[in-house]
Amino acid sequence: MELSDWIWQDRLWFPAGLGWANLKDRDGQVFAKGRDLWVIFPIAVCFLIIRQIFERTVAVQLASLLRVREKPRVRAAPNTTLESYFCNASKFPSQSSVEELTKQSACSVRQVQRWFRRRRNQERPSQIKKFREACWRFTFYLLAFIAGLGALIDKPWFYDMEEMWNGFPTLPLLPSQYWYYMIELGFYISLLFSVATDVKRKDFKEQIVHHVATILLISFSWLVNYIRAGTLIMLVHDASDYLLESAKMFNYAGWRKTCNYIFILFAAVFILTRLVILPFWIIHTTWVYPLTLYPPFFGFYFFNGLLFVLQCLHIFWAGLILRMAIKFLPGNVRIPKPNHYREVSWTEIEPSPEPYTMYVV
């Protein structure tokens, strides 16, 4: 209890003279409370269940409608020696290892190399699986963006961001804000639960960092009643993600030109929202403007620190997105079918044999 009291002391998380006592319900006004966050775990479980049903019904039917097909794969012949090395040592043996394996397995160098290539291809996720995942995320991000826009379109801080701090921290909680927060948090928690079974990306570590930073940012903004800023941040993140997922869906279906055009649109929206609106409008209002009202405190630095972590990830991903978008412009190299290359990226729409990888949320 003493440790808890020390961690949650007023002077750490609020400006001088303000504290948790200001967030007690009174006069018919309801404020955000930490215990409200427990509901995100059953919501996350519900998302996992709904996702399984959705992917096995709606996503499969849509994949059939768009004629998403998986080409037959040549399976590697049974070989105990090579299988043991593949599972326990490496999926990409060095030249010296290949030569050693030729002696142990009584195969030629070419046969060993072909076996490993076919064996890796067996583990590559199917087009249907990738389409189902993209379809689920597209559906959520699109609905979340529409719902978030509907919840914020008539709010004064949507147009004048300095209104985020008008009356802080005694900002009453609206029902639309409550559900927007709980659904978004529940979804990101479900992504953490499912990341081990989803298609493995090269940027797996970046995914985890992004998910954790996002969950911490949303949860913290709820605890200390930065809800107005939090809803704007969530809306900005949802604005481009559904475009990315739709581009992947059309790519898996073989609609190359449609995929290219949507990806270019996604790149433009991503740059506008993540590299312009977020840093120069929202972060500016959370970093610069509060200093004209209150002296800095720990919660101020903690909240903006999480925002800066996300912004660094956005800059990293924006560079990769731009490189891909440039290659999709008319007259540039056309993208090949994704089946020609091994699984190394989430988009699989990079025209080179070594696609770039990123995970934008």
A.B. asks: Is the shortest distance from a Lys or Arg side-chain nitrogen in Glu99 or Lys103 to a carboxylate oxygen in the other one below 4.0 Å?
C.D. replies: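 A salt bridge is absent here (no side-chain N lies under 4.0 Å from a carboxylate O).
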A.B. asks: Rounded to the nearest 0.5 Å, what separation is found between the CD1 atom of Ile43 and the CG atom of Leu185?
C.D. replies: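 If we round to the nearest 0.5 Å, Ile43:CD1 and Leu185:CG are 8.5 Å apart.
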A.B. asks: Scan side-chain atoms only and decide if Ser190 and Arg51 contain a donor-acceptor pair under the 3.5 Å cut-off.
C.D. replies: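 Arg51 and Ser190 do not have a side-chain donor-acceptor pair below 3.5 Å.
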A.B. asks: Can you list the residues that meet the side-chain hydrogen bond (donor to acceptor under 3.5 Å, both in side chains) rule with Asn166, with sequence neighbours excluded?
C.D. replies: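 Testing Asn166 for side-chain hydrogen bond (donor to acceptor under 3.5 Å, both in side chains), a comparison that skips the adjacent residues, returns Glu163.
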A.B. asks: Hey, could you give me the CZ/CG distance between Phe140 and Asp241, rounded to the nearest 0.5 Å?
C.D. replies: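 Going from CZ on Phe140 over to CG on Asp241, the span is 10.0 Å.
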A.B. asks: For Gln9, is there any backbone N or O sitting under 3.5 Å from a side-chain donor or acceptor partner on Arg11?
C.D. replies: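 No, the answer is negative, given that no donor and acceptor are paired below the 3.5 Å cut-off.
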A.B. asks: If only atom types and distance count, is the side chain of Tyr242 paired as donor or acceptor with the main-chain N or O of Ala144 below 3.5 Å?
C.D. replies: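 Between the backbone of Ala144 and the side chain of Tyr242 there is no qualifying donor-acceptor contact (under 3.5 Å).
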A.B. asks: How far does CE of Met324 sit from CG of Asn260, to the nearest 0.5 angstrom?
C.D. replies: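 Met324 atom CE to Asn260 atom CG measures 11.5 Å (nearest 0.5 Å).
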A.B. asks: Is there a path of hydrophobic side-chain contacts, each under 4.5 Å between heavy atoms, that joins Ile50 and Val60?
C.D. replies: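 In one cluster with Ile50: Val60, no.
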A.B. asks: For Met249 and Ala134, work out which heavy atoms get closest and say how close.
C.D. replies: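 Minimum heavy-atom separation between Met249 and Ala134: CG-CB, 3.8 Å.
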A.B. asks: Thr292: which residues meet the side-chain hydrogen bond (donor to acceptor under 3.5 Å, both in side chains) condition with it, sequence neighbours left out?
C.D. replies: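 Expected list: none.
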A.B. asks: Please report the C-alpha distance between Leu37 and Met182 in whole Å, then the side-chain angles of each, then the deciding distance to 0.1 Å, and finally whether the side chain to side chain contact (heavy atoms under 4.5 Å, CB included) criterion is met.
C.D. replies: CA-CA 7 Å; Leu37 296 179; Met182 296 303 111; 3.8 Å; yes
A.B. asks: For Tyr178 and Val39, run side chain to side chain contact (heavy atoms under 4.5 Å, CB included): C-alpha distance rounded to whole Å, both residues' side-chain angles, the deciding distance at 0.1 Å, then the answer.
C.D. replies: CA-CA 11 Å; Tyr178 173 85; Val39 76; 3.8 Å; yes
A.B. asks: Quick check against the 3.5 Å criterion: does Arg274 have a side-chain atom that pairs as donor or acceptor with the backbone of His237?
C.D. replies: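 Yes; judged by distance alone, with no hydrogens or angles, the pair exists.
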A.B. asks: Between Leu152 and Leu235, is there a side-chain heavy-atom distance shorter than 4.5 Å?
C.D. replies: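 Contact flag for Leu235/Leu152 side chains = yes.
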A.B. asks: Please name the pair of heavy atoms, one in Phe266 and one in Ser240, separated by the smallest distance, quoted to 0.1 Å.
C.D. replies: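 Residues Phe266 and Ser240, closest heavy atoms: CD1-O, 3.2 Å.
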A.B. asks: So, does Asn225 use its side chain to make a donor-acceptor pair with the main chain of Pro169 at under 3.5 Å?
C.D. replies: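 Judged by distance alone, yes, a pair lies under 3.5 Å.
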A.B. asks: Check for me whether the distance between the ring centres of Tyr294 and Phe14 falls short of 6.0 Å.
C.D. replies: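 Between Tyr294 and Phe14, the centre distance exceeds or equals 6.0 Å.
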A.B. asks: Could you tell me the separation between the OG1 atom of Thr139 and the CG atom of Leu143, rounded to the nearest 0.5 Å?
C.D. replies: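 Reported to 0.5 Å precision, the distance equals 6.5 Å.
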A.B. asks: Flag the pair Thr214 / Met234 as yes when at least one side-chain heavy-atom distance between them is below 4.5 Å, and no otherwise.
C.D. replies: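 Not in contact.
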A.B. asks: Taking CZ in Arg67 as the centre, count heavy atoms belonging to other residues, nucleotides or ligands within less than 6.0 Å. Is the count above 12?
C.D. replies: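 Not buried by this count: 12 neighbours or fewer within 6.0 Å.
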A.B. asks: Are Lys248 and Glu245 within salt-bridge range, i.e. N to O under 4.0 Å?
C.D. replies: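 The answer is yes: the pair qualifies as a salt bridge.
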A.B. asks: Can you tell if the side chain of Leu66 reaches within under 4.5 Å of the side chain of Trp255, non-hydrogen atoms only?
C.D. replies: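 Heavy-atom side-chain distance check passes, below 4.5 Å.
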A.B. asks: Atom CD1 in Ile321, atom CZ in Arg323: separation rounded to 0.5 Å?
C.D. replies: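 Ile321 CD1 to Arg323 CZ: 13.0 Å, rounded to 0.5 Å.
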A.B. asks: Check Thr285 against Pro290 and note the closest heavy-atom contact, atom names and distance.
C.D. replies: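 Smallest heavy-atom distance, with atoms named: O-CD, 2.9 Å.
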A.B. asks: Is there a path of hydrophobic side-chain contacts, each under 4.5 Å between heavy atoms, that joins Val30 and Trp38?
C.D. replies: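 No: no chain of side-chain contacts under 4.5 Å links Val30 to Trp38.
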A.B. asks: Got a donor-acceptor contact below 3.5 angstrom from the Ser219 side chain to the Leu216 backbone?
C.D. replies: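 Not at all, since once roles are kept as given, no pair shorter than 3.5 Å links the two residues.
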A.B. asks: With Trp165 as reference, evaluate Trp287, Tyr226, Trp157 under the ring pair (Phe, Tyr, Trp, His ring centres under 6.0 Å) test and give the passing residue.
C.D. replies: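 Per the ring pair (Phe, Tyr, Trp, His ring centres under 6.0 Å) rule, the option paired with Trp165 is Tyr226, out of Trp287, Tyr226, Trp157.
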A.B. asks: Do any N or O atoms from the side chain of Asp160 and from the backbone of Pro156 form a donor-acceptor pair under 3.5 angstrom?
C.D. replies: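 Judged by distance alone, no pair lies under 3.5 Å.
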A.B. asks: My understanding is that only residues two or more places apart in sequence, or in another chain, count here; which of them pass side-chain hydrogen bond (donor to acceptor under 3.5 Å, both in side chains) with Asp25?
C.D. replies: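 By the side-chain hydrogen bond (donor to acceptor under 3.5 Å, both in side chains) rule, Asp25 matches Lys33.
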A.B. asks: What distance do Arg137 atom CZ and Leu191 atom CG have between them, rounded to the nearest 0.5 Å?
C.D. replies: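 If we round to the nearest 0.5 Å, Arg137:CZ and Leu191:CG are 7.5 Å apart.
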A.B. asks: Search all heavy atoms of Ser221 against all heavy atoms of Tyr181 and return the closest pair with its distance.
C.D. replies: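 Scanning both residues completely, I find the closest heavy atoms to be OG-OH, 2.8 Å.
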A.B. asks: Could you go through the side chain to side chain contact (heavy atoms under 4.5 Å, CB included) check for Leu18 and Thr170 one step at a time?
C.D. replies: CA-CA 9 Å; Leu18 299 171; Thr170 55; over 6 Å; no
A.B. asks: Given the rule that I, L, V, M, F, W and Y join up when any side-chain heavy atoms are under 4.5 Å apart, are Tyr180 and Ile146 in one cluster?
C.D. replies: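 In one cluster: yes.
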A.B. asks: Are Ser194 and Phe47 side-chain neighbours, meaning at least one heavy-atom pair lies under 4.5 Å?
C.D. replies: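 With C-beta onward as the side chain, the pair stays apart.
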A.B. asks: Sequence neighbours left out, what passes side-chain hydrogen bond (donor to acceptor under 3.5 Å, both in side chains) with Glu83? Give chain and number order.
C.D. replies: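 Only Arg119 meet the side-chain hydrogen bond (donor to acceptor under 3.5 Å, both in side chains) criterion with Glu83.
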A.B. asks: Quick one: side chains of residues 296-309, donor-acceptor pairs under 3.5 Å with protein atoms, not counting sequence neighbours, listed by atom name and distance.
C.D. replies:
{"residue": "Asn304", "atom": "OD1", "partner": "Thr286", "partner atom": "OG1", "Å": "2.9"}
{"residue": "Asn304", "atom": "ND2", "partner": "Thr286", "partner atom": "O", "Å": "3.2"}
{"residue": "Asn304", "atom": "ND2", "partner": "Phe300", "partner atom": "O", "Å": "2.8"}

A.B. asks: Counting only N and O atoms by type, is there a donor-acceptor contact under 3.5 Å from the side chain of Trp20 to the main-chain atoms of Trp8?
C.D. replies: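 The answer is yes, because a donor-acceptor pair under 3.5 Å joins these two groups.
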A.B. asks: Check whether any side-chain N or O of Asn22 sits under 3.5 Å from a backbone N or O of Gly19 as a donor-acceptor pair, and report yes or no.
C.D. replies: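 Flag set: sc Asn22 to bb Gly19 pair under 3.5 Å.
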A.B. asks: Between Gln29 and Leu173, is there a side-chain heavy-atom distance shorter than 4.5 Å?
C.D. replies: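 Answer no - side chains too far apart.
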A.B. asks: How close do Cys107 and Thr102 get, counting heavy atoms only, and between which atoms?
C.D. replies: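 It is O-CB, 3.1 Å.
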A.B. asks: Taking the side chain as every heavy atom from C-beta outward, state whether Phe158 and Thr231 have any pair of such atoms under 4.5 Å apart.
C.D. replies: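 Phe158 vs Thr231: side chains apart.
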A.B. asks: Heavy-atom count around Tyr159 OH within 6.0 Å, excluding the residue itself: above 12?
C.D. replies: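 Counting other residues, nucleotides and ligands, OH of Tyr159 exceeds 12 neighbours.
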A.B. asks: Within a strict 4.5 Å, meaning less than it, do heavy atoms of the Lys129 and Glu55 side chains meet?
C.D. replies: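 Of all side-chain heavy-atom pairs linking Glu55 with Lys129, none is under 4.5 Å.
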A.B. asks: Under a single-linkage rule joining Ile, Leu, Val, Met, Phe, Trp and Tyr whose side-chain heavy atoms are separated by less than 4.5 Å, which residues share a cluster with Ile49?
C.D. replies: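 Its cluster partners, ordered by chain and number, are Val45, Ile53.
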A.B. asks: Write down the atom of Pro279, the atom of Val276, and the distance for their closest heavy-atom approach.
C.D. replies: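 So the minimum-distance heavy-atom pair works out to CD-O, 3.5 Å.
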A.B. asks: For Phe250 and Phe138, I'd like to know if the aromatic rings sit close, meaning centre-to-centre distance below 6.0 Å.
C.D. replies: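 That pair fails the under 6.0 Å test.
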A.B. asks: Starting from the C-alpha separation in whole Å, work towards a yes-or-no answer on side chain to side chain contact (heavy atoms under 4.5 Å, CB included) for Leu244 and Phe270.
C.D. replies: CA-CA 9 Å; Leu244 171 65; Phe270 183 93; over 6 Å; no
